[in-house]
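Following: one structure in structure tokens, then a few remarks.
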There are 2 protein chains.
Amino acid sequence: MAKKSKRELAALGSATQDVSLTLADVAKRAGVSPITASRALNRPELVNEATRKRVLETVQTLGYVPNLLAGGLASSKSRLVAILLPTINHSLFSTAVQAMMDRLTEAGYQSLLGSTGYSAKKEEILLEAILGRRPDGVVLTGTLHTESSRRRLASAGIPVVEAWDLGDSALDMQIGFSHEQVGQHIAQHFFAKGYRDFAVITADDPRGLRRTNSLVSQLKQLGITHTLVETLPLPATWQVGREGLRRLLKRNSRPQLVICSSDILALGVLAEAASMNLHIPDDLAVLGFGNITESEFAYPALSTVSVNAPEMGRQIAEALLGRFADKTCNLKLRVDTGFTLLERFST
Amino acid sequence: MAKKSKRELAALGSATQDVSLTLADVAKRAGVSPITASRALNRPELVNEATRKRVLETVQTLGYVPNLLAGGLASSKSRLVAILLPTINHSLFSTAVQAMMDRLTEAGYQSLLGSTGYSAKKEEILLEAILGRRPDGVVLTGTLHTESSRRRLASAGIPVVEAWDLGDSALDMQIGFSHEQVGQHIAQHFFAKGYRDFAVITADDPRGLRRTNSLVSQLKQLGITHTLVETLPLPATWQVGREGLRRLLKRNSRPQLVICSSDILALGVLAEAASMNLHIPDDLAVLGFGNITESEFAYPALSTVSVNAPEMGRQIAEALLGRFADKTCNLKLRVDTGFTLLERFST
DNA sequence: CTGTTAGCGCCTTCAG
DNA sequence: CTGAAGGCGCTAACAG
């Protein structure tokens with residue numbers, strides 16, 4: 001008599017169905033071979049209507065849950081997307097991720113999240129771990145990666161989206177906007193409106209700093225040589241924003257416009273300004289940076305540069321799904337999602 | 001001559017190392033058996049210092065990335081934690097998740113995220129899909145689950161944390177606070193301070209409604225029979241908050257205190273109040289609900305009930321890790337994370 | 001401390 | 001449309 005495996009013994013022993021069911025169990029119960037059961041679930045078009053129905057019913061009654069680890073191993077398709085961001089705890093990112101996940105879930109993909117804290121080294125470590133899960137696609141934030149990360153991604157041979165930024169030397173697809181253009185645009189716009197005294201409160205994050213640098217250098221070109229910049233440590237919180245304005249004003253500066261690297265900082269500035277009885281935007285204009293779906297209805301006096309985060313999330317998802325469906329499409333995709341400036345005027 | 005597998009043929013064919021390396025390749029190169037290589041990576045204490053070093057070096061030079069699907073399948077340990085929340089796009093949740101993920105990552109676990117949109121049915125569907133990944137643990141939000149979800153979780157036999165709430169009939173562990181207590185506490189506190197005219201602006205989410213109901217019924221017990229409640233559809237945005245206040249005031253009501261089911265709504269109320277030249281908190285006191293690490297420094301006039309979201313996240317992670325390490329500990333763990341009321345007084 | 005053997009649960013390939 | 005055989009890459013269990 002053939003030796004019985006542990007599973008078979010357990011099944012004989014008791015009525016507990018805790019020993020997780022396998023496709024074989026379902027198949028036996030439905031009177032088909034395992035592979036037919038598999039096809040009934042994954043490639044229904046290859047299976048006779050009636051048998052498929054029978055299998056599906058058995059799955060229901062037995063409460064079978066396919067083991068995706070096994071499936072992934074056998075098919076080298078994991079239906080997993082890895083998403084690496086600086087932090088999930090930031091409205092811009094979480095909004096985009098939400099939209100992205102919604103679409104991916106709908107399409108039958110699951111999302112593995114990792115947070116890099118704005119560090120390329122952390123990204124590398126996370127990436128290595130996550131690539132072990134054999135994801136079908138990867139979403140990264142920005143264009144700053146270690147050499148090792150680039151190599152690993154290349155040899156993984158899966159679609160990669162670099163989000164939130166545009167740059168040369170794309171790994172694969174890029175979906176984002178130019179942070180240099182943002183800085184430039186802000187400078188030009190407000191200069192044209194007659195503003196001459198600018199100040200910046202920025203968190204110490206790579207893209208925020210790039211926006212700031214671009215802004216400052218554009219202002220220089222317009223003849224404004226001196227722009228106060230307060231760089232504050234991450235994370236960008238309300239508290240940090242308040243502190244930023246305090247420091248700015250201590251430095252004997254009386255800017256007409258304070259440009260913040262994020263809405264959160266800007267809200268902190270508003271709060272601090274309120275407690276100093278400064279009127280916004282008459283005494284002090286404040287510019288934030290955030291998600292358009294929020295800024296439009298936020299504090300009435302707050303101007304912002306806004307990105308359409310949900311739309312970006314959706315586009316990222318679509319780009320990946322396109323690639324999953326057809327290896328040749330979307331090659332070298334590069335989408336400029338743009339940004340809009342919403343100015344709140346003095347009354 | 002033995003038939004060669006696809007892998008072997010590919011390896012012979014060219015120098016591309018794109019055919020992903022396996023542990024066997026590493027083992028061969030290091031002159032040990034596959035299992036020794038495996039142990040060198042996963043259970044270093046079982047392997048001779050020298051051989052371990054040799055294996056690790058080979059891993060480095062070859063750029064080997066372990067296939068976690070295979071590992072998980074063989075060991076039935078996936079090092080994966082599934083986290084299901086209503087939405088990731090909410091500061092309270094994203095803050096908690098961030099802390100949770102940080103701890104889990106540190107311990108070598110990865111996080112699979114899913115968003116349920118406050119729906120138990122969606123939770124069920126997500127859960128089924130995600131359980132196929134054989135996660136080592138699951139974090140759910142709240143205590144409202146479908147019968148099917150409960151069954152599946154039971155037969156999965158893995159640690160489960162129900163977060164953000166406390167209730168009877170726990171699935172396994174609960175880490176959260178009582179929403180009934182929140183409502184009750186607000187009522188008592190402000191009644192004692194002399195407030196008599198209350199109004200509520202709440203999003204249509206289960207826990208927010210429970211806080212509201214508890215508040216209203218506690219007020220009734222204190223003799224306040226009439227409390228205006230504006231229930232607005234999700235998601236809770238700034239815009240919705242503004243709209244909420246507008247509606248409230250249209251209903252000929254002049255509340256002394258507006259209680260909002262979230263900080264975001266409260267900020268909308270503040271914005272709307274500002275545009276109506278209402279002074280906060282003199283003309284109108286506003287109460288939010290959110291994360292303590294934010295509320296403390298937020299808009300100066302905004303009172304809040306606050307939860308320590310990062311701490312909750314950490315506790316959830318620890319609870320799971322404890323279970324992973326020792327199946328017997330943390331049994332029936334039930335942690336009340338509490339909440340604090342921060343009142344902003346009129347000046 | 002190291003190796004051998006035998007699967008984990010599923011899907012690919014090829015044959016009916 | 002359905003099935004049989006074999007292997008995906010790794011590790012548990014046992015032996016040395």
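Lettering of chains follows the sequences in order, A, B, ..., and the numbering in each one begins at 1.
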Which residue, Val160(A), Thr143(A), Leu333(A), forms the side-chain contact (heavy atoms from CB on, under 4.5 Å) with Gln174(A)? Thr143(A)

Looking at Asp102(B) and Arg314(B), is any side-chain nitrogen of the basic one under 4.0 Å from a carboxylate oxygen of the acidic one? no

A side-chain contact here means heavy atoms from C-beta on lying under 4.5 Å apart; do Met173(B) and Leu320(B) qualify? yes

Looking at Gly108(A), is its backbone amide N or carbonyl O close enough to the side chain of Arg79(A) to form a donor-acceptor pair, meaning the two atoms are under 3.5 Å apart? yes

Atom-pair distance (CZ on Arg43(A); C1' on dT13(C)), nearest Å: 12 Å

If you check the Tyr64(B) side chain, which of dC10(C), dA12(D), dC10(D) turns out closest? dC10(D)

Whole-Å distance between dG9(D) P and Leu131(A) CG? 15 Å

Send over the distance from Leu21(B) CG to dG9(D) P, rounded to a whole Å. 10 Å

Is the phosphate of dC8(C), meaning OP1 or OP2, less than 4.0 Å from a side-chain N or O of Asn67(A)? no

Kindly say if Ser38(A) contacts the phosphate of dC11(C), meaning a side-chain N or O under 4.0 Å from OP1 or OP2. yes

Between P on dC10(C) and CZ on Arg79(A), what's the gap in Å once rounded to a whole number? 16 Å

Arg323(B) and Asp172(B) ion-paired at < 4.0 Å: yes

Write down the protein N/O and nucleotide N/O pairs, taken from nucleotides 3-5 of chain D, whose separation is under 3.5 Å; answer none if there are no such pairs.
unit_1	atom_1	unit_2	atom_2	d
dG3(D)	OP2	Ser33(A)	N	3.2
dG3(D)	OP2	Ser33(A)	OG	3.2
dG3(D)	OP2	Thr36(A)	OG1	2.6
dG3(D)	N7	Arg39(A)	NH2	2.8
dG3(D)	O6	Arg39(A)	NH2	3.3

Figure out the CZ/C1' separation between Arg133(A) and dG9(D), and round it to whole Å. 14 Å

Would you jot down, in residue-number order, the residues of residues 68-75 of chain B having a non-hydrogen atom under 4.0 Å from DNA chain C? Leu73(B), Ala74(B)

Aromatic rings Trp164(A) and Phe93(A): how do their planes relate, parallel, tilted or perpendicular, breaks at 30° and 60°? perpendicular

Atom-to-atom span, CG of Leu23(B) to C1' of dG7(D) - whole angstrom: 17 Å

Within this structure, what is the CG-to-P distance between Asn42(B) and dG9(D), rounded to whole angstrom? 17 Å

Do the side chains of Glu57(A) and Arg54(A) get close enough for a salt bridge, i.e. N-O under 4.0 angstrom? no

Kindly say if Thr51(A) contacts the phosphate of dT2(D), meaning a side-chain N or O under 4.0 Å from OP1 or OP2. yes

Side-chain contact test, heavy atoms from C-beta onward, threshold under 4.5 Å: evaluate it for Gln315(B) versus Glu318(B) and give yes or no. no

Against Ile130(A), only a single residue in Val138(A), Leu113(A), Leu112(A), Ile125(A) fulfils side-chain contact (heavy atoms from CB on, under 4.5 Å); can you say which? Leu112(A)

Over how many whole Å does the gap from Asn48(B) atom CG to dG3(C) atom C1' extend? 15 Å

